[in-house]
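First up is the structure itself, then whatever we jot down about it.
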Amino acid sequence: ADPAECPGVSWPADYAPATQSVVLPSESLQFRGNLVFPEIRLSALDVSRLLAEDEENVGQPLRVGVTRDLPDPVRGAWYDLEDGGAVWIASVASEGATAVRLHFVNMDLPDGAEVYVYSPDTDEPVKGPYTDVGPLGTSAFWSETVTGDTAYIEYHVPKAGAETVPFQIDQVVHTYRELDGSADLRGQDLTCIPD
């Protein structure tokens, strides 16, 4: 089943993410297996406290995750590619999450540039590419859900020499319930509220 979406974190009706396999820009690097993704890591949440709070909120939309602010800008590393382009890589982790989503703001990519978001788990489909000012046309959007507590980000530019990244990532949704289409989630209103 498709992962549940939280209100306010959805896609326009005509948006269709890529369904075919994606070749990541970093896969052209000979040392792809040795890449270290610079990381910003948030500490684990007290899930037992969150679940206890959820028990008290009978009749409210079921909370499946919480939105967390990133305390610092996401830092990455640049690599030149053999085709003359370059890729910037980084990662965001929210320790102990069952899934994460990233909030992009101020996105304004140059022509031909793309952003991909994916899990370190190689079986997980790659999310993207996100281009231009994002899928909503507003320069701000939530990425699709990535399973696990870590999301890798790749920003690809077709010409090397880029020194800046034309977007920021300011928040992460830390999902603490399994979004597997199980009976306790189907048909319910779901929410991800600030922690």
Side-chain angles (χ1 to χ4, degrees), residues 2-12 15 17 36-58 60-77 88-109 115-121 124-128 130 133-136 138-155 164-182 184-185 188-195:
D2 292 332
E5 299 287 345
C6 294
V9 192
S10 58
W11 300 99
Y15 175 69
V36 175
F37 285 70
E39 180 182 77
I40 184 166
R41 176 170 285 273
L42 301 178
S43 60
L45 294 175
D46 183 351
V47 175
S48 60
R49 175 185 64 84
L50 294 172
L51 292 171
E53 290 175 0
D54 293 344
E55 290 293 321
E56 296 175 6
N57 292 326
V58 177
Q60 300 294 317
L62 179 66
R63 181 173 63 177
V64 296
V66 292
T67 305
R68 306 180 77 183
D69 292 332
L70 296 183
D72 300 301
V74 176
R75 305 271 183 226
W88 177 89
I89 63 171
S91 67
V92 174
S94 191
E95 193 171 325
T98 62
V100 294
R101 300 179 80 181
L102 305 179
H103 190 239
F104 288 79
V105 294
N106 302 320
M107 179 176 272
D108 190 9
L109 306 188
V115 171
Y116 299 89
V117 178
Y118 60 100
S119 168
D121 178 358
E124 175 86 6
V126 173
K127 317 305 183 189
Y130 304 117
V133 293
L136 303 178
T138 61
S139 298
F141 67 98
W142 286 96
S143 72
E144 296 171 72
T145 302
V146 172
T147 302
D149 68 0
T150 301
Y152 284 172
I153 305 107
E154 291 194 22
Y155 166 52
T164 60
V165 177
F167 60 83
Q168 289 86 43
I169 301 169
D170 65 348
Q171 294 179 310
V172 59
V173 165
H174 176 116
T175 303
Y176 59 92
R177 294 180 187 270
E178 293 289 342
L179 299 181
D180 57 4
S182 56
D184 63 328
L185 297 182
Q188 291 202 45
D189 288 330
L190 306 178
T191 188
C192 296
I193 62 171
D195 179 33

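Only a predicted model underlies this, so the values are computations on that prediction, with no experimental measurement involved.
Distance alone, capped at 3.5 Å, is enough to place a donor-acceptor pair between the Asp149 side chain and the Gly96 backbone. The backbone N or O of Thr175 lies less than 3.5 Å from a partner atom in the side chain of Thr98, making a donor-acceptor pair.
Annotation: side chain of Val66 is in contact with side chain of Arg68 (closest heavy-atom distance under 4.5 Å). Arg101 places none of its side-chain heavy atoms less than 4.5 Å from the side chain of Val117. Leu70 places none of its side-chain heavy atoms less than 4.5 Å from the side chain of Asp170. Looking at Asn106 and Pro166, their side chains never come closer than 4.5 Å, going by heavy atoms from C-beta outward. Under the 4.5 Å side-chain criterion, counting only non-hydrogen atoms from C-beta, Val133 is in contact with Ser139. In this structure, Pro71 and Ile40 have side chains that are in contact, with non-hydrogen atoms separated by less than 4.5 Å. Residues His174 and Leu45 form a side-chain contact, since some pair of their non-hydrogen atoms from C-beta on lies under 4.5 Å apart. Within the 4.5 Å cutoff, the side chain of Glu144 has no heavy atoms near those of the Pro135 side chain.
Contact detail for Pro38 and Ile89: the closest heavy-atom pair is CD-O, 3.6 Å. Of all heavy-atom pairs spanning Ala90 and Gly76, the tightest one is CB-CA, 3.9 Å.
Test Trp88, Phe37, Tyr116 against Tyr152 for ring pair (Phe, Tyr, Trp, His ring centres under 6.0 Å) and you get one pass: Phe37.
The structure places CG of Leu109 at 9.5 Å from CZ of Phe104, a figure rounded to the nearest 0.5 Å. Here Arg63 contributes atom CZ and Asp54 contributes atom CG; the two are 4.5 Å apart, rounded to the nearest 0.5 Å. Remark: Glu154 CD to Ser91 OG distance equals 11.5 Å, nearest 0.5 Å. The distance from the CD atom of Gln168 to the CE atom of Met107 is 10.0 Å, given to the nearest 0.5 Å.
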Stepwise side chain to side chain contact (heavy atoms under 4.5 Å, CB included) test for Thr145 and Lys127: CA-CA 8 Å; Thr145 302; Lys127 317 305 183 189; 5.8 Å; no
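Between Trp142 and His103, the angle of the ring planes lies from 30° to 60°, which puts this pair in the tilted group.
Checked against the 6.0 Å centroid criterion, the rings of Phe167 and Tyr130 do not qualify as a close aromatic pair.
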